[in-house]
Each structure stands twice: as C-alpha cells, then as structure tokens.
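Below: one structure, written as structure tokens.
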Amino acid sequence: MRILAIDTALDTCAACVMAEEVDAPLAAESLPMARGHAESLLPLIERVIARVEGGFEAIDRVAVTVGPGSYTGLRVGLSAARAIGLSTGKPVVGVGTLSALLAPLLAETVEGTIAAVVDARHGAVYVQALGPGDGLAPAHLAVEAAAERLGAGPVVLTGSGAPMLAAALAARGVAARVAHVGGPDIASVASLGLVADPAQALARPLYLRGPDARPQDHARIARR
C-alpha cells in the first residue's frame, strides 16, 4: 500500500509518498513557512507525485494532519486531502499532530514519560504524553498545569513548546530532556496514516481550544 501524506498544521508545508514496510519515503518535500500554505501546498504535492511512478493512480490512501495547529493551515491541508481523496476514490485518514511528533520517540528506549508539546501561545501548550500510568490525552493547558500533570519524571519532550515546558519541569525538580524542537516529520505522518483505521481516524480538524476571535455579543443590534 502507498500513501500520500500531507502536513500543514504548524510552520511547515510538507508532503510525501510512502510505501508500506519501507522506512524512507519514495518522494518527499518540506518547506518551512508560517504563512502561505494555501499557495504552496498543491504545487508541492504535484512535485512530490511527479517523482513517483504511477502518479496519483499509484496512491492507495491519503493522510493529513488534523491538529492541533493553525486554523488556516489545518483548513488548507484538510481541503487538499479531501479533494484528492474525492477525485481518486481513495480513503482519507486523519493523523493527530501530537501523535506524529511522538512517533519517533516511540522507536527509542526511553525511561519515564515522553511528551509532545506545541506552543499554543499566551503561556499555554498543546500537549500529549505517554508513559507510566494513564498518560495524558491531547489537551490545551497552561504550562504550569501541564508540568503538574506530567508528574515526577523523567520526561523526554519534543515539539515547539518543549523548551518552555522543560523549564517549568526543571523548576519543580523534574528531570526533563528536549529531544527535538519543531514540527512532525512528514514520514511519521505517513507511517501513522498507513496503520490508521479509516473508520476511526477521520479527517476532521482537532481543535483543543476555541478561536481567538469571538463575536462581540454586546455590540449586536437586536433583531425584530
């Protein structure tokens, strides 16, 4: 099985084609960017697909990151993935951004807890953790609250919010190590997409907090 993976959730625009039971993508491209995903994604996908024998016809599945992440970025990636799935008749699966960040750490022998952390700004993070006990499901938490939830450690952190959370853990006397700062590897998105169940891993945005912009109810004019 071959999969086309797409990631526009954070500060990267990336895509790859990966085959089942193969460690490295058959073709991949990743561009760092905070804005401009809408203009860059489709040409990038076309370049990646052009390097794969059979093109879109050789793709059996599409995977896309569903968040947490940028509202605009998520919409761009999900729209592209759904359009490709509709035009090719192939299933589209969603992959959590935090799960994709955690994937490389799962391949390592790590003592204690592993946590994926994305800077959500305003002193908060998106965080997901695996380790002793129940772990931590994807959540939007204040940095101090996240440090408290991660327990006594040791903790290995990955993602853009890792340094911030590592400092909060160190202040509590918890041993913490930052393994990686940045977004998920597109190959990890593809690997998780290959094993996902299309009936369960739906391509729907995962929003862990409400939008920053809210309507001003007090300024509305009452309807008659």
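All residue numbers refer to positions in the sequence shown, counting from 1.
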Full working for side-chain contact (heavy atoms from CB on, under 4.5 Å) between L208 and L206: CA-CA 6 Å; L208 297 179; L206 174 63; 3.9 Å; yes
CA sep, side-chain torsions, deciding dist, call: L98, V127, side-chain contact (heavy atoms from CB on, under 4.5 Å): CA-CA 7 Å; L98 297 170; V127 59; 5.7 Å; no
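- Annotation: side-chain contact (heavy atoms from CB on, under 4.5 Å) contacts of S160 (sequence neighbours excluded): V118, D119.
- Separating the CD atom in E148 from the CG atom in L141 is a distance of 10.0 Å, to the nearest 0.5 Å.
- Nearest heavy-atom pair across V48 and A28 is CG2-C, 4.1 Å.
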Candidate pair V174 and V155, rule side-chain contact (heavy atoms from CB on, under 4.5 Å), full reasoning: CA-CA 8 Å; V174 177; V155 183; 4.2 Å; yes
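- A distance of 5.5 Å separates CG of L165 from CG of L150, quoted to the nearest 0.5 Å.
- A donor-acceptor pair is defined here as one N or O able to donate and one able to accept, closer than 3.5 Å; no such pair exists between the side chain of T113 and the backbone of G131.
- When side chains are defined from C-beta on, I114 counts as touching L102, because their heavy atoms get closer than 4.5 Å.
- Heavy atoms only, all atoms of each residue included: I3 and A63 are closest at CD1-CB, 3.6 Å.
- V178 and A166 get closest at one heavy-atom pair: CG2-CB, 3.8 Å.
- In the hydrophobic clustering of this structure, M33 groups with V76; members are Ile, Leu, Val, Met, Phe, Trp, Tyr whose side-chain heavy atoms approach within less than 4.5 Å, directly or through other members.
- Taking CG of D60 as the reference point, atom NZ of K90 lies at 5.5 Å (rounded to 0.5 Å).
- Side-chain contact between P184 and D7: present, with at least one pair of heavy atoms (C-beta onward) separated by less than 4.5 Å.
- The cluster map of Ile, Leu, Val, Met, Phe, Trp and Tyr, joined by side-chain heavy atoms under 4.5 Å apart, puts M164 and L136 in the same cluster.
- Of all heavy-atom pairs between L105 and A179, the closest is CD2-CB, 3.9 Å.
- When all heavy atoms of L41 and C13 are compared, the closest pair comes out as CA-SG, 3.6 Å.
- Between I59 and V17 there is a side-chain heavy-atom pair separated by less than 4.5 Å.
- Hydrophobic clustering (ILVMFWY, side-chain heavy atoms < 4.5 Å, transitive): V52 and V189 are in distinct clusters.
- Scored by the side-chain contact (heavy atoms from CB on, under 4.5 Å) test, R47 finds E29, L31, P43, L44, R51 as partners (sequence neighbours excluded).
- For P154, the side-chain contact (heavy atoms from CB on, under 4.5 Å) partners at least two apart in sequence or on another chain are E111, A175.
- Atoms CD1 and NE2, from I6 and H37 in turn, are 12.5 Å apart once rounded to the nearest 0.5 Å.
- Note: the hydrophobic cluster containing V156 also contains L106 (ILVMFWY, side chain heavy atoms under 4.5 Å, direct or indirect links).
- Partners of D23 according to the side-chain contact (heavy atoms from CB on, under 4.5 Å) rule, which considers only residues two or more places apart in sequence or in another chain, do not exist here.
- Every residue two or more places apart in sequence or in another chain was checked for a salt bridge (charged side-chain N to carboxylate O under 4.0 Å, His left out) with R35, and none qualifies.
- Pairs engaging residues 185-196 under the side chain to side chain donor-acceptor pair (under 3.5 Å) rule: none recorded [sequence neighbours left out].
- Between L4 atom CG and F56 atom CZ the span is 6.5 Å, to the nearest 0.5 Å.
- Here the side chains of L192 and L194 are not in contact, with every heavy-atom distance at 4.5 Å or above.
- Proximity of M1 to R61: side-chain heavy atoms (C-beta onward) are separated by under 4.5 Å at one or more points.
- Transitive grouping of hydrophobic side chains (ILVMFWY, heavy atoms separated by less than 4.5 Å) brings V66 and I45 into a common cluster.
- Here E53 contributes atom CD and L26 contributes atom CG; the two are 10.5 Å apart, rounded to the nearest 0.5 Å.
- Few gaps surround OH on Y207; more than 12 heavy atoms of other groups in view lie less than 6.0 Å from it.
- Between P205 and L78 the shortest side-chain heavy-atom distance falls below 4.5 Å.
- Heavy atoms only, all atoms of each residue included: P198 and V93 are closest at CA-CG1, 3.7 Å.
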